[in-house]
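Atoms within a ligand are numbered from 1 in the order they appear, just like the ligands themselves. Excluded from the calculations below are hydrogen atoms, water molecules and symmetry mates; all remaining heavy atoms, backbone and side chain alike, are included. Nothing here was measured: the structure is a model prediction, and the numbers come from that model.
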Amino acid sequence: MATETKTIDAKNIFMKLRNIFTLLLFLPVVSALAQTSYFFPKAASFDASIPSPGKFLGYAIGTHYTRHEQIVAYFRELARVSNRIHVQTIGKTYEEREQIIATITAPANYNRLEEIRQEHLTLVDPSKPIIDNKAPVIIHLGYNVHGNESSSAEVSMLTAWYLAANNDPETQQWLKEAVIFIDPSLNPDGRDRAANWYNSYSSFPPIADPLDKEHQEQWPGGRTNHYFADLNRDWLNLVHIESRNRVQFFHQWYPNVQIDFHEQGSNATYYFEPTPKRHESPIVPQFLYDENAVLATYHAKALDEIGSLYFTKENYDNLSPIYGSTYPKFYGSVAATFEEASSRGLVTESTNGLLTFAFSIRNHVTTSLSTIRGSVAEKANLFKVQKNLFKQALEQARASKTKAYVFGDSRDENLTLTFLNLLLQHHIQVYELEGNTTQEDKKFEKGKSYIVPAEQPNYLIVHSLFEENILKDSIYYDNTGWSVIHAYGLQYAAINTPTFAKGKQVTSLPSINGDVLGGQSSLAYITAYTDFNATKALYALLQKGILVKTAFRPFTINHNNSKKTFGNGSLIIPVAGQPIAADSLYRLVKAIAANANITFTAVSTGFSAEGIDLGSSNIKAIRKPEVALAFGQGVTSSEAGQIWFLLNQHLGLPVVKLDLQNFERASLKRYNTLILPGGNYSAWNKATVDKIKDWVAEGGVLITLQNASAWAIQNDLVKEKLLDDDKDKPEGKPAAPLTTATATDNRAGRPVQQTSFGQSATERPESEPVSKSRNSRLDYDAQQDVEGAKRINGAIFTADLDTTHPIAFGVTTRKLFINKNSNTFLQSSANKYATVALYDSKPFVNGYASKENIKKVSSSAAILLSNSGNGQVVLFADDPTYRSYWLGTTRLFLNSIFFANLVSGGRNFAGESEHE
Ligand SMILES: [Zn+2]
């Protein structure tokens, strides 16, 4: 390939090129020259020894979807032939795809990269002076977090090539004055799922009809990762491996600018920040958001030059650190989302004419370069902004009423460590306790609890993890309640006194050595069920065919001359009656204890010091769950993915993923537990519904979530009721007329909680009863606000949990924090013992929900367990495994798998002898 020097008047030929490119798509190979001119109209002198992506791949960018391993191979090739680029691996995905980061900078910078990093890190230390403007600006370009927003990973290759091969003075200056990191594909598994789809159905010539199969990606789509998780909602919770690897890299550098590249609907133009003021976080200083408006001028100019239209300030949340473009802002990075119209294939019809894949790529290439241009030009300001953010964060911390947070629960060490691990991954300063302490009547034990001072540079993320967020608006398209401590259901307290004792700083995660206390037993082994990982040990035992029992009443034993009390749900492994010999059992229990980090106690007598004895009928055998999960088109993929993830990664349970269409022919007898995530089950015929009904009646456990719970009620799978004003009718058929039960009658009229958040929300026009009368009329312009406010996109509510119920085994507090992101409202059960969790009369904690919705929540039940024949139906109004980090309710979901079949409905009440 010859060195190309080509300048083209982009404005004049832009439209022509767009059409030409559509034609070019028909050709097997597009000339390198055309490629260069199209993507880089102002292209200068490229080094011919550095292959373009097209040359390396053997096809023109924009004519094919490049698979992840080809992208990685191209970056490695660039690193091989150019001394401006280096590639490192930061980890691997669930499907064993490499996550790479390319470092692009002048060789002179790369040779002293660690020195540059150390100097740069002083920016996030408020006590250090500001760095010299000669220091390079740190830029991070992250592409393709949503796998089926595919243009941007192609962009990553073009951008890297431009930087590696272009010898013009501007590029030389950038390399000297910037260190640029490129993450070409933030979600490699999703990327390939989408790429394979688009490549599989691409036609020659390409079809622009949006209904062609190429443009109609099927369930679950490539947006998400292997477990159908949205990685652009995982930056704060760090559930998934891709996020953990990425955040670890982020904390090595704290880039000054970080861009997250996306795609939006095909009829849109191009979007970049600033976002609407009302969608910005009130705890992030305004000057940081303002800097985005400065960088926006560079993007606007660059897009103007190629004749691309765009919009700003109208859309997109910028509030929560769960997002890739918001999390870095909490660290002083001027981060932004860029959204390109999606071609969803090679070319599609749109209201702006034919939209080609190449055109989408071109816009993102343009703003990738304008980001670098703007960042280098505004370097001094970017340094100042980052420094000032950390200074201001310290001031905010000093002004805060809460001076420190203490958390931890000696009854649940694994949950405590999981939360501690999250804090450490966010580089939050955490300390040991100096001694045991009691705060807000909660006991915190030294060695098993930790303290987090508010006054630390990382205060904004501390606030996001412990505090309830403040909202400026009611219209968000995603969750608005994310206090992570509530999600974990972990014991914590705020310390408001200016001085507090703290021990040593925790710099690495302590380990727990699970074991069997007291050595081999000839009678039984016992463990409390309060630790989150007891569930893990339980399944490991059942999976090996071991008889495990659970206690429906507490009991106390003498062990080593001291008394030890075991609460409801404690697990008992008798030595007799097992399929393996006593010494093998001991070795197995020991290995499982070590693996799950929990402690079993060997006992030598079945006679308890207090409470029930070990031979009591209140200690019941647990059956091994054989679980099928409704899957495929119609099912809410995120919920199905969360359950799949939980059962695989936490329990090691091989859940069978059963497509809805296969239920009719499946033998359900193979399973004793069936899970229906939220979704649309209307495609099932009566025979299938009857088949599930019969299966429950014969002893199956059916677990339903969100509107699947509504479906189960509407189809008479269970004798429970929805609130009569339930608007959530997923099947589009009217629910049977419902009456409000007495239990909810006297709750409905109670006043709704009036917090500052709730008030600000209810001041908005959605509190108006819309169209109750002919004269009820609102301006057209109010539509988005009013209709948007009716949804519950995710807000935190509290419920009262019956901690004696088997579904709540192991939970020690009745106050349950629930994330509600559905409009399914259950009535309390007519059976007095069947309402496992009932929303509080003043349930609203955090996030956005309208006054009307808060009232409905306060009148409804969160979890019901209803007997049906010999089986049970567990109804969750919400999504208990929400985004895989809502561990407080996840535990109840796990219990429903293990214990629901042990729940009797009064007929054969626990404690009575069993006659059947
Ligand atoms: Zn996206």
Side-chain angles (χ1 to χ4, degrees), residues 65 68 71 93 99 140-156 159 182-195 197-198 215 217 219-237 239-240 242-243 246 258-276 279 292 299 310-312 314-329 335-345 348 350 355 357 359-361 363-365 367-368 371 476-479 637-638 641 793-794 883:
Y65 281 70
H68 180 73
I71 296 170
T93 67
Q99 291 178 267
H140 188 110
L141 306 174
Y143 297 95
N144 220 161
V145 66
H146 291 141
N148 58 1
E149 299 173 6
S150 312
S151 58
S152 72
E154 313 281 342
V155 173
S156 73
T159 305
I182 291 186
D183 187 336
S185 176
L186 278 76
N187 174 12
D189 294 349
R191 159 83 197 177
D192 271 4
R193 199 155 66 233
W197 176 274
Y198 293 128
H215 307 301
E217 206 191 1
W219 195 97
R223 176 183 176 91
T224 51
N225 77 348
H226 176 76
Y227 287 109
F228 311 161
D230 187 334
L231 295 177
N232 195 32
R233 303 291 185 275
D234 197 37
W235 283 75
L236 184 64
N237 311 317
V239 169
H240 291 284
E242 297 93 338
S243 314
R246 182 164 309 122
Q258 179 141 350
I259 308 298
D260 210 37
F261 290 85
H262 292 259
E263 286 180 4
Q264 52 189 342
S266 304
N267 293 330
T269 58
Y270 193 87
Y271 172 83
F272 50 90
E273 297 193 16
T275 35
H279 286 193
N292 244 321
H299 313 317
Y310 48 83
F311 67 101
T312 64
E314 284 182 62
N315 213 340
Y316 297 107
D317 290 359
N318 204 348
L319 173 75
S320 162
I322 62 174
Y323 300 115
S325 59
T326 313
Y327 179 82
K329 290 189 173 93
T337 288
F338 290 174
E339 300 268 356
E340 163 55 35
S342 178
S343 62
R344 298 198 168 88
T348 188
S350 81
L355 173 64
F357 189 36
F359 178 75
S360 304
I361 293 167
N363 281 337
H364 270 336
V365 167
T367 54
S368 294
T371 296
Y476 299 94
Y477 66 75
D478 204 289
N479 200 326
S637 62
S638 57
N793 283 340
R883 288 185 180 158

Can you list everything that forms a salt bridge (charged side-chain N to carboxylate O under 4.0 Å, His left out) with E149? Sequence neighbours excluded, please. R223
Parallel, tilted or perpendicular: which one describes the rings of H146 and H262, with boundaries at 30° and 60°? perpendicular
The expected count of protein N/O/S atoms at less than 2.8 Å from the Zn ion (ligand 1) is 4
What verdict does the side chain to side chain donor-acceptor pair (under 3.5 Å) test give for S325 and T337, after you've listed the backbone C-alpha separation in whole Å, the side-chain angles of each residue and the deciding distance to 0.1 Å? CA-CA 6 Å; S325 59; T337 288; 2.6 Å; yes
Do H299 and F338 have their ring centres less than 6.0 Å from each other? yes
Partners of T159 by side-chain contact (heavy atoms from CB on, under 4.5 Å), sequence neighbours excluded? L141, Y143, V155, L163, I182, S368, L369
So, using side-chain contact (heavy atoms from CB on, under 4.5 Å) as the criterion, who are the partners of H215 when residues are at least two apart? D212, R344, T348
